[in-house]
Amino acid sequence: MTLLMGRSLAGHDKGQVYVILREEGQNYILANGTNRSVLSPKRKNQKHIQLIKNFPEEVLDISKEENDYRDLWVKRVIRIYNDSVTHNS
């Protein structure tokens, strides 16, 4: 499983980080594990998502642990990513 993440560029959720579950046409299907769960994901146009390409080592390690998406895993990946971005700023 390849980890894909993105940050919302537009809308009421601007700045929110999501794990991209899949692509459907011109849309990404997104989850953050809290208000947008894996079972109730958000659909967002690709042009409103900035893909995240550089992941901290901890995020890459966690992405190798799981072989399917679960809310707890999604929340953990996003939390570790946000913590690493905050500490490196």
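Hydrogens, waters and symmetry mates play no part in the numbers below; they use all other heavy atoms, side chains included. Predicted, not measured: the structure shown is a model, and the values here were computed from it.
Among pairs with a residue in residues 46-60, none fulfils salt bridge (Lys or Arg N to Asp or Glu O under 4.0 Å), at least two apart in sequence or across chains. Screening residues 17-37 for salt bridge (Lys or Arg N to Asp or Glu O under 4.0 Å), with sequence neighbours left out, gives R22-E24, E24-R43.
Under a 4.5 Å side-chain heavy-atom criterion applied to ILVMFWY residues, the cluster that includes L72 comprises that residue alone.
Every side-chain contact (heavy atoms from CB on, under 4.5 Å) that L51 has, sequence neighbours left out, goes to I20, Y28, I49. The side-chain hydrogen bond (donor to acceptor under 3.5 Å, both in side chains) test applied to N35 returns N32, not counting sequence neighbours.
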Exercise answer: donor-acceptor pairs, residues 3-14 side-chain atoms, under 3.5 Å, sequence neighbours excluded:
from	atom 1	to	atom 2	distance (Å)
R7	NH1	G15	O	3.1
S8	OG	A10	O	3.0
S8	OG	D13	OD1	3.0
S8	OG	K44	NZ	3.4
D13	OD1	K44	NZ	3.0
D13	OD2	Y18	OH	2.8

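Counting heavy atoms from C-beta on, the side chains of V38 and R70 never come closer than 4.5 Å.
Note on F55: it does not cluster hydrophobically with L30, by side-chain heavy-atom contacts below 4.5 Å among ILVMFWY residues.
Across every non-hydrogen atom of V17 and N82, the tightest pair is CG2-OD1, 3.6 Å. Residues A31 and L21 come closest through the heavy atom pair CB-CD1, 3.9 Å. For the pair Y81 and V59, the tightest heavy-atom approach, listed with the atom from each and the gap, is N-CG2, 3.8 Å.
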